[in-house]
Every structure is written in structure tokens, then in C-alpha cells.
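Below is one structure; the comments refer to it alone.
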Amino acid sequence: MPVIEHKLFINAPIEVCFDLARDVNVHTQTTFKTKERAVGGVTKGLLEEGDSVTWEAVHFGIKQRLTARVIFMEKPHSFVDVMVKGAFKSFIHIHQFIEEEKGTTMIDHFQYKSRFGPLGILIDKLLLEEYMKRFIEIRAIELKKIAEIKTNQTFD
């Protein structure tokens, strides 16, 4: 089961980073390359524990839908979402935020299981794992840009 962990320092307060990471509108801005949009459940505003959202996006040239539910939230330090319906057999995405002296460290911990047994494992190694790493990295970098512009702070 592939595990992806991505850490990024953001020059913005923890509350700003936390709220941007669970904002449906910001999610669509940070996933513009896959044309991601919310089409079911919570379709705008901030996600809360118990909320679900259905995303529609284009991955590998194919329009797909995925429904995720927020199963845990500890403001402003972490929240967890899991797939309830979609292309993966399962996934869990842990979002963590660590307050630092000059900003926030945001950590994405993404663990997923592909469908199709041994064939899925092969697809992970050849294609999907690297694709997901890049997807999470790009989304984090875009969120960082928004957070730093929004706060317009340097903390220096």
C-alpha cells in the first residue's frame, strides 16, 4: 500500500493554513490542472467533521468522480478524510499543521490502496504513485501561494 508524505513550510499562521486546506473553493483553485470541482455534498465553504464532498476531475484524460468524508478534525492542527466512493479501493488523507515561530509546517500523509490486486500494484509502481506524489505536491505549493498572499506576512 503506497504511502506518500509531503511537508511544506508556509509563511502564514496555522489558522489560515488550516482553513485554506479545508476550503472547497480553494481546493478547486489548487487543483486547476485536473479541472477538479465539487459536484455533491458540501460544494462551497469550509469542510467540517462529518462532511462529505464529491469531486469531479480529469485524471489521465478520463473524467472521474470521487467522494470523500472528513472523519476527524482537531482545529487548527489536523483533519482526516477518507474515500467512500471512487477509483481507489481505499484511501486515507491525514492533513497536519504544526505551528512554527515564523509560520506553519503543513504535512500531507496520503495512504491509498489500488483496485485490481497484483495489476494495481504494478500500476502503482509504474505510474500512479509518482502521479499522486506530484498531485499532492502541486496542490500544497498552490495552497502556500494563496496563504502567503492572503496573510501578506513575512514573519521575519
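Tyr131 meets the ring-ring contact (aromatic ring centres under 6.0 Å, His included) test with His59, Phe60; sequence neighbours excluded. Annotation: ring-ring contact (aromatic ring centres under 6.0 Å, His included) contacts of Phe32 (sequence neighbours excluded): none. Partners of His95 under the ring-ring contact (aromatic ring centres under 6.0 Å, His included) rule, at least two apart in sequence or in another chain, are Phe79, His93. Not counting sequence neighbours, the partners of Phe88 by the side chain to side chain contact (heavy atoms under 4.5 Å, CB included) test are Leu66, Met83, Phe91, Phe110, Tyr112, Leu128, Met132. Listed by chain and residue number, Ala38, Leu47, Trp55 satisfy the side chain to side chain contact (heavy atoms under 4.5 Å, CB included) test with Val53 (two or more places apart in sequence, or in another chain). For Thr105, the side chain to side chain donor-acceptor pair (under 3.5 Å) partners at least two apart in sequence or on another chain are Glu100. Applying the side chain to side chain donor-acceptor pair (under 3.5 Å) rule to Glu5 yields the partners His109; only residues at least two apart in sequence or on another chain are considered.
For the residue pair Ser114 and Lys89, the shortest heavy atom distance occurs at O-CB, 3.7 Å. When all heavy atoms of Asn25 and Gly45 are compared, the pair lying nearest together is ND2-N, 3.7 Å. A pairwise comparison of heavy atoms in Pro76 and Phe97 identifies O-CB, 3.5 Å as the closest pair.
Hydrophobic side-chain contacts under 4.5 Å tie Ile98 into a cluster, directly or through other members, with Ile107.
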Identify all side-chain donor-acceptor contacts of residues 135-147 below 3.5 Å with residues at least two apart in sequence or on another chain.
unit_1, atom_1, unit_2, atom_2, d
Glu137, OE2, Arg134, NH1, 2.7
Arg139, NE, His27, ND1, 3.0
Arg139, NE, Thr30, OG1, 3.2
Arg139, NH2, Ala21, O, 3.4
Arg139, NH2, His27, ND1, 3.1
Glu142, OE2, Lys145, NZ, 3.1
Lys144, NZ, Phe9, O, 2.7
Lys144, NZ, Glu148, OE2, 2.9

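Sequence neighbours left out, the pairs with a member in residues 38-49 that pass salt bridge (charged side-chain N to carboxylate O under 4.0 Å, His left out) are Arg22-Glu48, Glu48-Lys75. Sequence neighbours left out, the pairs with a member in residues 103-125 that pass salt bridge (charged side-chain N to carboxylate O under 4.0 Å, His left out) are Lys125-Glu129. Every pair passing side-chain hydrogen bond (donor to acceptor under 3.5 Å, both in side chains) that includes a residue from residues 60-73 is listed here, sequence neighbours excluded: Thr54-Thr67, Glu56-Arg65.
Val24 and Leu46 end up in different hydrophobic clusters when Ile, Leu, Val, Met, Phe, Trp and Tyr side chains are linked at under 4.5 Å.
A side-chain donor-acceptor contact under 3.5 Å links Thr104 to the backbone of Ala12.
To the nearest 0.5 angstrom, Glu99 atom CD is 13.0 Å from Phe18 atom CZ. Taking NZ of Lys150 as the reference point, atom CG of Asp19 lies at 8.0 Å (rounded to 0.5 Å). Considering CD1 of Ile121 and CG of Leu126, their distance stands at 12.0 Å, rounded to 0.5 Å.
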Assess the residue pair Leu119 and Ile123 against the criterion (side-chain contact (heavy atoms from CB on, under 4.5 Å)); give the C-alpha distance rounded to whole Å, side-chain angles, the decisive distance to 0.1 Å, and a yes or no. CA-CA 6 Å; Leu119 180 59; Ile123 292 169; 4.0 Å; yes
